[in-house]
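Order of the sequence lines sets the chain letters (A, B, ...), proteins ahead of strands, with each chain counted from 1.
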2 protein chains.
Amino acid sequence: MDDARIRPRPGSPGAARGHATRDDRVGMDRLADQWSGLVILLLADGTRRYAELRSALREFAGGISEKMLTQTLRGMERDGLLTRRDHQTYPRRVEYTLTPLGLSLREPLLTVCDWSARHREDIRRARARYDASP
Amino acid sequence: MDDARIRPRPGSPGAARGHATRDDRVGMDRLADQWSGLVILLLADGTRRYAELRSALREFAGGISEKMLTQTLRGMERDGLLTRRDHQTYPRRVEYTLTPLGLSLREPLLTVCDWSARHREDIRRARARYDASP
DNA sequence: CGGAATCCGAGACGATACTG
DNA sequence: CAGTATCGTCTCGGATTCCG
């Protein structure tokens, strides 16, 4: 589906053939991490500051560490999904905004999110049943 | 979005509050791994055997280890996305088939997959630009 | 406030070998 | 064929500390 994944990494023995590093990902894979999708959805309503994102993520995803948030945002900026704007004030103020590309991801994302919401209970039940059986 | 994620793990210090294990995931999170989504798409055309899946995955995803494939399939079975059927023959023959639930995931998945295909190049360019800048 | 740097444990994942 | 078992490495990602 994406051959960027099979490109090996120089120094790593385990990577003799395969094993992608997060940075090698493209497209669908970018959504594969915990956070990118959520950030898209949060920013779809408009620009948000770093701290706003952080607290929003705390509210309905159990929280994200500063490190992960920064890392996620940087990765998304790199992929052209959002732009970062640093107003050089004090106290500091950094805002994140979706690019058109990032925004275009919203719809597809919602279909999956929607599926997830609708079948969350089905899955929970299936899981309970499976775990209960011999 | 899903509070199953914040349930801590008994023995792990890092899990004082957070850090999901793959097994705690629900819904959207299940797609978050490399393979589940791909398996859904492969099985959407019909029942497949273990080895068939494995070689299909080798063909357009750089290959999956037996361990990971088994692990993925078991997880998906647990979530009620597919069923496993072991014909007790020799040589052995184990078939995997999507459940209606698993099949229902196909459409949402395709919309994302489609987005990915359409914007792969945009992303690659954005990335190149970002990496080239100071 | 919005990070960067460092440390470190847990677990994801591949490789290999063995089994029914 | 379809796994299981064991092992080892590498990465993820939280905690903590420091900075402008």
Problem - A:Arg84, CZ atom: more than 12 neighbouring heavy atoms under 6.0 Å - result: yes
Nucleotide [N], atom [atom2] - distance to [atom1] of [X] in whole Å:
{"X": "A:Arg84", "N": "C:dG2", "atom1": "CZ", "atom2": "P", "value": "10 Å"}
{"X": "B:Arg58", "N": "C:dG14", "atom1": "CZ", "atom2": "C1'", "value": "14 Å"}
{"X": "B:Leu53", "N": "D:dG3", "atom1": "CG", "atom2": "C1'", "value": "14 Å"}
{"X": "B:Gln71", "N": "D:dA5", "atom1": "CD", "atom2": "P", "value": "13 Å"}
{"X": "B:Ile64", "N": "D:dG3", "atom1": "CD1", "atom2": "P", "value": "12 Å"}
{"X": "B:Lys67", "N": "D:dA5", "atom1": "NZ", "atom2": "P", "value": "12 Å"}
{"X": "B:Glu95", "N": "D:dG3", "atom1": "CD", "atom2": "P", "value": "11 Å"}
{"X": "B:Met68", "N": "C:dG14", "atom1": "CE", "atom2": "P", "value": "6 Å"}

Looking at [X], I'd like to know whether one of its side-chain N or O atoms comes within less than 4.0 Å of OP1 or OP2 on [N].
{"X": "B:Arg54", "N": "D:dC1", "result": "no"}
{"X": "A:Tyr90", "N": "D:dC19", "result": "no"}
{"X": "A:Arg49", "N": "C:dG2", "result": "yes"}

Is there a side-chain contact between [X] and [Y] (heavy atoms, below 4.5 Å)?
{"X": "B:Leu101", "Y": "A:Trp115", "result": "yes"}
{"X": "A:Arg74", "Y": "A:Thr70", "result": "yes"}
{"X": "A:Val94", "Y": "A:Arg49", "result": "no"}

Practice task
Would you mind telling me which of D:dT4, C:dG2, C:dG14 lies closest to the side-chain atoms of B:Ser65?
Solution key: C:dG14
Practice task
Name the closest nucleotide to the A:Ala51 side chain, picking from C:dG2, D:dG3, C:dG3.
Solution key: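 Closest of the options to the side chain of A:Ala51: C:dG2.
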Exercise for the section: With sequence neighbours excluded, tell me which residues meet side-chain hydrogen bond (donor to acceptor under 3.5 Å, both in side chains) with A:Thr83. Expected result: none
Completion exercise
Sorted by position of nearest nucleotide on DNA chain D, 5' first, the leading residue of B:Arg93 and A:Glu66 is B:Arg93
Problem - Position toward the 5' end of DNA chain C (nearest nucleotide), A:Arg74 or B:Arg92 - result: A:Arg74
